[in-house]
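Keep in mind that this is a model prediction, so the values were computed, not measured. Quick note: numbers below take in every heavy atom, side chains included, and nothing from hydrogens, waters or symmetry partners.
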Amino acid sequence: MLPAFAECSSELVRRWGDSMGQSDVQEIDVWPEFQNLTGDVISRVAFGSSFGEGRKIFQLQSEQAQNAVKMANVMYIPGYRFLPTKLNTRMKANAREVELLLKGVITKRERAMKDGHADNDDLLGVMMESNIEESQEAGSSMPTMTTDDIVGELKLFYFAGMETTAVLLTWAMVLLSMHPEWQDRAREEVLRVFGKNQPDSEGINRLKVVTMILYEVLRLYPPILLLGREAYKETELGGVTYPAGVTFALPIVCIHHDPDVWGEDVDEFKPERFAEGIAGASKNSPAFFPFGRGPRICVGQNFALLEAKMGLSVILQHFMFELSPSYTHSPCPVSTLQPQHGSHRLSSRNS
Ligand code: HEM
């Protein structure tokens, strides 16, 4: 995983450096940049050597997510999604192409596994190998997961893992631009731990200031704003009995901004809250749950934090940044909490 994070992050800063040319300062909208970064990372981790096909799938999935948002914004008319509108037709064609591409990658991998020359050091390989092992253990000739199940899992990883981590990095850059004293502290730490060398896992685990900053970013701008839970049996909660089937909304963003839990300075960016870790940050530790909670907690949380720490460290090593005059602060709940008008940064080299 770490080599994929390192390679994609280095590629990003190289591109930013190249596009700066001889100028001292350059304006970049980091929001699409981070979407590309996290999409590339997932493509590499999920598909390893089939990275090229993975990237194409990611582009289609990304367009599909944007189309789903457009669809959600259309006034609800029963049966509308079955009409041959331009959007519906495009979405259906995209879904078909994603399925075909994914099935193509899976078939190719199956063939390579049979021939004994598959490189299974990626998510697809791990899933396919454990699938074969499980069905062998169960003494079945049928695989536990069908090809459609594997396609579904791979699609879920794109949706769940790409945009969430991209918004985390985007809001981190916004807040570090608004609070240059924390940008300096983070850079100081990164340079102390890694110098200008490529970050390694041992060093990443020692980053305390960067971790505090990322937690505070996740508190103030949780990528997922709301979770739903359905009672599968009659449930008593706070003295009220709810019948089975009731859906509870867990508003992460409201609990992360509750002054009773965090104090009167709840809306201020204060990474020092997390100096003693998550448990000591609020009066009530379950109050911080950007990755959800319980048996369905995000399976990618360590992946996301490692990726964000790597990305941020490499950027801090190479650039200083501030908000561009063209930046408008407008967090907007789409599928995740996104910057409505992009996130324009002025970057200069950290020589
Ligand atoms: C900052 C980044 C991320 C945030 C804030 C985030 C947040 C969440 C949240 C809130 C949930 C629902 C948990 C619940 O219902 O209790 C979730 C589920 C999930 N996440 Fe993440 N996530 C992030 C990154 C990732 C990444 C990088 C991956 C994959 C590589 C990933 C894969 C998943 C999957 C597969 C689920 C569904 C788990 C299940 O239903 O059992 N997430 N995530």
Side-chain angles (χ1 to χ4, degrees), residues 12 15-16 19 25-42 58-76 86-87 90-91 94 158-180 182-183 213-228 249-258 266-269 271 290-292 298 304 307-308 311-312 315 319 321-347:
L12 177 93
R15 207 175 51 246
W16 287 3
S19 69
V25 181
Q26 195 204 17
E27 175 160 331
I28 301 171
D29 180 358
V30 295
W31 167 227
E33 291 285 325
F34 286 144
Q35 285 173 289
N36 282 331
L37 171 75
T38 56
D40 278 359
V41 166
I42 292 268
F58 140 68
Q59 282 159 350
L60 287 165
Q61 288 275 91
S62 200
E63 190 191 325
Q64 204 66 339
Q66 284 161 21
N67 287 341
V69 171
K70 280 188 204 152
M71 186 81 130
N73 288 334
V74 172
M75 196 174 66
Y76 179 70
K86 207 169 144 194
L87 184 61
R90 181 77 196 136
M91 282 186 80
N94 265 0
Y158 267 107
F159 274 127
M162 194 270 277
E163 211 169 86
T164 43
T165 317
V167 288
L168 167 60
L169 278 165
T170 302
W171 293 123
M173 293 276 285
V174 169
L175 287 162
L176 289 181
S177 302
M178 289 173 170
H179 301 274
W182 280 101
Q183 188 184 142
I213 289 171
L214 288 174
Y215 283 160
E216 184 66 342
V217 174
L218 284 166
R219 183 186 72 80
L220 285 168
Y221 296 87
I224 309 279
L225 298 171
L226 186 87
L227 287 180
L250 298 161
I252 302 179
V253 69
C254 300
I255 297 167
H256 281 190
H257 287 257
D258 182 349
V266 64
D267 291 328
E268 287 170 36
F269 177 68
F291 295 102
C298 174
E307 182 181 356
L312 207 52
I315 291 169
F319 296 100
F321 41 89
E322 58 187 278
L323 291 172
S324 152
S326 63
Y327 173 71
T328 309
H329 192 63
S330 178
C332 176
V334 190
S335 44
T336 50
L337 187 63
Q338 299 174 9
Q340 187 178 8
H341 306 294
S343 177
H344 296 83
R345 291 286 83 77
L346 291 177
S347 302

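Take Y215 and apply the side-chain hydrogen bond (donor to acceptor under 3.5 Å, both in side chains) test, not counting sequence neighbours, and it matches no residue. Scored by the side-chain hydrogen bond (donor to acceptor under 3.5 Å, both in side chains) test, H257 finds D267 as partners (sequence neighbours excluded).
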L87 vs R90, side-chain contact (heavy atoms from CB on, under 4.5 Å): CA-CA, chis, key distance, verdict: CA-CA 5 Å; L87 184 61; R90 181 77 196 136; 5.5 Å; no
Residue pair Q61, M162: steps toward the side-chain contact (heavy atoms from CB on, under 4.5 Å) verdict: CA-CA 10 Å; Q61 288 275 91; M162 194 270 277; over 6 Å; no
Trace of the side-chain contact (heavy atoms from CB on, under 4.5 Å) decision for N36 with E33: CA-CA 5 Å; N36 282 331; E33 291 285 325; 5.5 Å; no
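Considering every non-hydrogen atom in both L214 and A308, the closest pair reads CD1-CB, 4.0 Å. For the residue pair R219 and P222, the shortest heavy atom distance occurs at O-CD, 3.4 Å. Heavy-atom minimum distance, S19 versus Q26: OG-NE2, 3.0 Å. Taking all atoms of both residues into account, the shortest heavy-atom contact from E163 to Q35 is OE2-NE2, 4.4 Å. Across every non-hydrogen atom of Y327 and G342, the tightest pair is CE1-O, 3.5 Å. Closest of all the heavy-atom pairs between L220 and E268 is CD1-O, 4.1 Å.
Taking CG of D40 as the reference point, atom CZ of F34 lies at 13.0 Å (rounded to 0.5 Å). To the nearest 0.5 Å, atoms CG (L225) and CG (L250) are separated by 13.0 Å. To the nearest 0.5 Å, atom CG of residue L37 and atom CD1 of residue I315 are 7.5 Å apart. Considering NE2 of H344 and OG of S324, their distance stands at 7.0 Å, rounded to 0.5 Å. A distance of 7.5 Å separates CD1 in I28 from CE in M173, rounded to the nearest 0.5 Å. Separation of atoms CD (Q183) and CG (L312) is listed at 9.0 Å; rounding is to 0.5 Å.
Two residues are said to be in side-chain contact when any heavy atoms from C-beta on lie closer than 4.5 Å; W171 and P223 fail this criterion. Inter-residue side-chain proximity for T164 and I224 is flagged as met; some heavy-atom pair is nearer than 4.5 Å. Side-chain contact between T170 and Y221 is absent, with no heavy atoms from C-beta onward closer than 4.5 Å.
Between F269 and W182, the ring-plane angle classifies as perpendicular under the 30° and 60° cut-offs.
Each of L168, V167, T165 was evaluated against T38; a single residue qualifies, T165, per the side chain to side chain contact (heavy atoms under 4.5 Å, CB included) test.
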